Visitor: 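Got a structure for you, questions after.
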Amino acid sequence: EKMYTTLLSRLGKTVKITKVFKPFEEMVDKVGMTNIFMYNIAIATFSKVNQMKKARELFDEMIEKGLKPDAITYRTMVHTLCNSGHVEDAYKLLEKMDICNQDLSMWSHVLKGLCQANKVNEAFKIFNLMIGKGYPPDVVSYSILLDGLCKSRYLEQAFMLLDEMYRRGCTPDVVSYNTLLVGYCKMGDLKQARSLLEAMPLRGCDPDIISYNALLRGLCKAWEWDKAWDLLELMRQKGCKPNAVSYSILLNGLGKAGKHLEASRLFKQMTGEGCNPNVVTYTILLDCLCKTGHVEEARELFKQMVKEGFTPDLFTYNAFLHGLLKVQKMEEAMNLLNEMVKKGYNPDSITIKVILDGLCKTGKVNEAYGLFEKMVEQKYVPDMHDYTIIIQSLLAIGKQDSALWLLDTAVQKGWKPD
RNA sequence: ACAUUGGUCAGUGG
């Protein structure tokens, strides 16, 4: 039994790296799952590769067998339920389990899950409930709520919550401040961001690279290029050397502003500054080249990144596909699509929208609809945007009745037209 | 023997 547990653990670790879980699954089926360790390992492993269903089955199975889940089992379950959009279930589980197996971090997972589902109000309800149960919040749980408020654009409330943290003796740390900084910058409120940044050292929190990157993003969004360059200089002076994220923020800003020459120059420059490119920076530049009508250069960049040993990911493929389809290079796009599938990247909802849109814009509405039906058959669940792409192009070629029919189908499936 | 480990920054579609 000990041997099997060790074996399972070893195999589990490789699964987490390679994401290939078939052999592990067979192993789980073959060996008898006899102790709690084996279940804990198996549950954790399956949840790491997004096999929630498997994880839950095992959890139920162990209870049926009369094995009592321990704190670790519960923690793993709560964690993965929250991260896979099943916060409700996580909450139910927490309500059911023994007090001795609960702790603040589990409740924090629930808070985060709710915030990610855009349910900040719910999060606050749980927050109060959790306090009532004897789990006073700490700086982490507060920061989760701060982030939730910021992402829902409730910046004033976030600021007030920061104040509440002081009053309750939960001194905000650099993460709390950064959370708010990001919020201000995304909203374009650079004034507030700057004053918060200046206030930080006075409150015993020196800004770190994330603080500066947040501000950098705000400056790029406002097209304040000179100030952005000044900030880079300031960062170097303060010993916060710009990192790959800093450069990708700048690259993306330049790209979105259509400044592809400057973006290309910065891309070359960053290596000289001791910062190596990565998949993200490559993808940003590639996208920028595509969007500014330089597909040939984009293709060269794609080749270059592969040659330099970087593996294109779904973002890269989607961006490039979009670029190719925009200039009607249908055949090359389909080759790329095949290549990406062969490499193990399954088209996601964005890939599908890119292709639908590409087909429609080249007048191949029928093909688009055919693909759409095929995807639905393969249990892809289209959203309203997928419908919109096709409906719009049906209207464009004067097929109002088909468009209306499709719209009706979407509505019947519970979608709300926008 | 072994397992879980809570918060903040960058990229793709409509």
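Note that this is a predicted model, so its numbers are computed, not measured.
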Visitor: Give A:D418 one of three labels, base, sugar-phosphate or nothing, depending on what nucleic acid heavy atoms sit under 4.0 Å from its own.
Guide: nothing
Visitor: Just compare B:G13, B:U4, B:U8 and give me whichever is closest to any side-chain atom of A:T76.
Guide: B:U4
Visitor: Under a 4.0 Å heavy-atom cut-off, which of residues 34-48 of chain A touch RNA chain B?
Guide: A:F37, A:N40, A:I41, A:A44, A:K48
Visitor: Can you identify which nucleotide, out of B:G11, B:G13, B:U12, has its nearest atom closest to the A:T283 side chain?
Guide: B:G11
Visitor: Does the side chain of A:K151 get closer than 4.0 angstrom to OP1 or OP2 of B:G7 through an N or O atom?
Guide: no
Visitor: Does the B:A1 base have a donor-acceptor partner in the side chain of A:T6 within less than 3.5 Å?
Guide: no
Visitor: What's the closest nucleotide to the A:R217 side chain, out of B:G13, B:U12, B:A10?
Guide: B:A10
Visitor: Hey, could you give me each pair passing ring pair (Phe, Tyr, Trp, His ring centres under 6.0 Å) that has a residue in residues 35-55 of chain A? Not counting sequence neighbours.
Guide: A:F24-A:F46
Visitor: Out of B:C9, B:U8, B:G11, which has the shortest distance to the side chain of A:T316?
Guide: B:G11
Visitor: Ignoring hydrogens and angles, answer whether the base of B:G6 and the side-chain atoms of A:S105 contain a donor-acceptor pair closer than 3.5 Å.
Guide: no
Visitor: Quick one: A:L155 CG to B:U8 C1', roughly how many Å, whole number?
Guide: 14 Å
Visitor: Respond yes when some side-chain nitrogen or oxygen of A:K16 is under 4.0 Å from OP1 or OP2 of B:A3, and no when none is.
Guide: no
Visitor: Pairs of donor and acceptor atoms involving the side chains of residues 317-329 of chain A, under 3.5 Å and at least two apart or interchain, shall be tabulated with distances.
Guide:
unit_1, atom_1, unit_2, atom_2, d
A:Y317, OH, A:E339, OE2, 3.0
A:N318, OD1, A:T351, OG1, 2.8
A:N318, ND2, A:L314, O, 3.4
A:N318, ND2, A:D348, OD1, 3.3

Visitor: Quick check: any donor-acceptor pair below 3.5 Å linking the side-chain of A:D103 to the base of B:G6?
Guide: no
Visitor: Look at the side chain of A:D383 and decide which nucleotide, out of B:G7, B:G13, B:C9, has an atom nearest to it.
Guide: B:G13
Visitor: Can you tell me how far apart CD (A:Q392) and CG (A:D357) are? Round to the nearest 0.5 Å.
Guide: 8.5 Å
Visitor: Is the shortest side-chain N/O distance from A:K326 to OP1 or OP2 of B:U12 below 4.0 Å?
Guide: no
Visitor: Would you say the side chain of A:D138 and the base of B:G6 hold a donor-acceptor pair, judged only by whether the two atoms sit under 3.5 Å apart?
Guide: yes
Visitor: Does the side chain of A:K256 get closer than 4.0 angstrom to OP1 or OP2 of B:U12 through an N or O atom?
Guide: yes
Visitor: At under 4.0 Å between heavy atoms, what does A:D70 touch on the DNA or RNA strands: base, sugar-phosphate, or nothing?
Guide: base
Visitor: Which class fits the ring pair A:W107 and A:Y135: parallel under 30°, tilted 30 to 60°, perpendicular over 60°?
Guide: tilted
Visitor: I'd like to know whether the aromatic ring centres of A:Y282 and A:F302 sit less than 6.0 Å apart in this structure.
Guide: no
Visitor: May I ask you to check whether A:Y142 and A:F127 place their ring centers less than 6.0 Å from one another?
Guide: yes
Visitor: Indicate, with a heavy-atom threshold strictly under 4.0 Å, whether A:S211 touches base, sugar-phosphate, or nothing.
Guide: nothing
Visitor: Kindly indicate whether the side chain of A:N178 and the base of B:G7 share any N or O donor-acceptor pair separated by less than 3.5 Å?
Guide: no
